[in-house]
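Let me begin by presenting the structure, written as structure tokens, before commenting on it.
None of these values were measured; they are calculated from a predicted model.
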Amino acid sequence: FYLEDSQSFFDDRLIVRVGWTPDSRQVAFEVENRTQTWLDLDAADPASGTTHTILRETGKYWVSSEDASEPTWLKDGSFLWPSERSGWKHLYHYKADGSLVRQITDGKWEIRALHGIDEASGWIYFSGTERSYIGVDVYRIRVDGARMQRLSKAEGTHSARFSPDLSRYLDFWSDATTPRQVRLHGNDGAETRVIDANTVAALAQYRLSRPEFL
């Protein structure tokens, strides 16, 4: 398409997400430029309308606003922030004023989903690709970045749905030769029961080759 004033196009700002800080005193919102090379997490006083920037995420080529920038607020006002700044999507802990406390996860793998944080126990629950680039597992890690544990055992792809209190989760698992199965687990990864084994007897009628990943 044609733009009469291309510079004004690139100067445009987009508000991509709006919410509240935990104390409900400030509106938290995210703003990015249209070329998506930076994204700000801002806060505004709803009474006066004054705003300030908590942090700015930048990237040479691309800063995703879809799922890479959702703050997860803690009770003390600090927050967890996913970022792809290292080339891999990892989790960072920030104070309420935007100063970095620490990087929580690290390595040549990425977080795919943040399920939540149990502040009472200090565990963060998430899904990621630490074991396999083409599979997804369920993990937990301490807020200080210690004691990361893989909760899912079988190789393949695991999709977790946690209960609101994070005490248990449904694990939807499949691999290249197994249709999706559903199991209930405790938040330590222990299997509680099989909900749907999804046995497909018809598969035995076919001489299917076993795929080999290269």
Side-chain angles (χ1 to χ4, degrees), residues 16-17 19 62-74 79-93 103-143 145-204 206 208-214:
V16 295
R17 189 171 289 110
W62 176 261
V63 176
S64 172
S65 61
E66 293 299 319
D67 60 357
S69 57
E70 181 80 25
T72 299
W73 300 98
L74 280 62
F79 57 94
L80 306 179
W81 180 261
S83 170
E84 297 176 345
R85 68 190 62 169
S86 68
W88 304 89
K89 183 178 177 182
H90 281 295
L91 196 61
Y92 298 78
H93 185 194
Q103 181 176 348
I104 299 175
T105 60
D106 192 15
K108 293 184 177 181
W109 56 275
E110 67 177 6
I111 287 179
R112 290 291 178 85
L114 176 61
H115 302 299
I117 175 172
D118 183 348
E119 294 195 55
S121 65
W123 287 111
I124 300 169
Y125 297 89
F126 66 94
S127 292
T129 61
E130 181 266 344
R131 172 161 57 177
S132 169
Y133 297 139
I134 60 174
V136 178
D137 283 288
V138 186
Y139 297 84
R140 68 178 182 179
I141 192 171
R142 306 294 290 184
V143 179
R147 297 169 58 189
M148 189 173 85
Q149 301 173 4
R150 186 176 68 245
L151 303 182
S152 48
K153 307 303 180 185
E155 294 187 8
T157 298
H158 297 263
S159 176
R161 185 178 302 166
F162 275 77
S163 61
D165 64 356
L166 301 175
S167 63
R168 57 184 60 88
Y169 67 93
L170 294 173
D171 179 26
F172 301 84
W173 169 77
S174 65
D175 64 15
T177 60
T178 309
R180 189 175 77 167
Q181 300 179 357
V182 185
R183 290 175 169 81
L184 180 66
H185 294 258
N187 62 10
D188 61 352
E191 182 179 313
T192 302
R193 65 172 58 91
V194 177
I195 295 177
D196 184 5
N198 194 22
T199 303
V200 182
L203 288 176
Y206 300 91
L208 299 175
S209 61
R210 186 170 185 85
E212 179 181 358
F213 297 106
L214 305 175

Residue pairs fulfilling salt bridge (Lys or Arg N to Asp or Glu O under 4.0 Å) with at least one residue in residues 125-138, sequence neighbours excluded: Arg131-Asp137
Could you pull out all donor-acceptor pairs under 3.5 Å where a side-chain atom in residues 154-162 meets a protein atom, sequence neighbours excluded?
unit_1, atom_1, unit_2, atom_2, d
His158, ND1, Asp171, OD1, 3.1
His158, ND1, Asp171, OD2, 2.8
His158, NE2, Ala154, O, 2.6

Could you walk me through whether Glu119 and Val143 pass the side chain to side chain contact (heavy atoms under 4.5 Å, CB included) test, one step at a time? CA-CA 9 Å; Glu119 294 195 55; Val143 179; over 6 Å; no
If I take atom CG from residue Leu184 and atom CD1 from residue Ile195, how far apart are they, to the nearest 0.5 angstrom? 5.0 Å
Nearest-0.5 Å distance that lies between atom CD1 in Ile104 and atom CD1 in Ile111: 8.0 Å
Using ring-ring contact (aromatic ring centres under 6.0 Å, His included) as the criterion, list what pairs up with Trp73, not counting sequence neighbours. Phe79
Does the side chain of Arg142 reach to within under 4.5 Å of the side chain of Trp123, using non-hydrogen atoms? yes
Any heavy-atom pair between the side chains of Trp173 and Lys153 that's under 4.5 Å? no
Backbone N/O of Asp106 and side chain of Trp109: donor-acceptor pair under 3.5 Å: yes
Kindly say whether Arg180 contributes a backbone atom to a donor-acceptor pair with the side chain of Asn198 at under 3.5 angstrom? yes
Is there side-chain contact between Ser121 and Asn187, with at least one heavy-atom pair below 4.5 Å? no
Please determine whether side chain to side chain contact (heavy atoms under 4.5 Å, CB included) holds for the pair Val138 and Tyr125, giving the CA-CA distance in whole Å, both sets of side-chain angles, and the decisive distance to 0.1 Å. CA-CA 7 Å; Val138 186; Tyr125 297 89; 5.8 Å; no
With sequence neighbours excluded, tell me which residues meet salt bridge (charged side-chain N to carboxylate O under 4.0 Å, His left out) with Glu191. Arg183
Residues which pass ring-ring contact (aromatic ring centres under 6.0 Å, His included) with His93, listed by chain and number, not counting sequence neighbours: none
Measure the spacing between CH2 of Trp81 and CG of Leu91 and express it to the nearest 0.5 Å. 11.5 Å
Does a side-chain N-to-carboxylate-O contact under 4.0 Å join Arg112 and Glu110? yes
Looking only at non-hydrogen atoms, find the nearest pair between Thr105 and His90 and report the distance. OG1-ND1, 2.9 Å
Could I get the full list of ring-ring contact (aromatic ring centres under 6.0 Å, His included) partners for Tyr92, not counting sequence neighbours? none
Of all heavy-atom pairs between Phe213 and Ala176, which one has the smallest distance, and what is that distance? CZ-CB, 3.8 Å
Given the rule in the side chain to side chain contact (heavy atoms under 4.5 Å, CB included) test, do Thr177 and Arg210 qualify, once you have shown the distances and angles that lead to the verdict? CA-CA 7 Å; Thr177 60; Arg210 186 170 185 85; 3.5 Å; yes
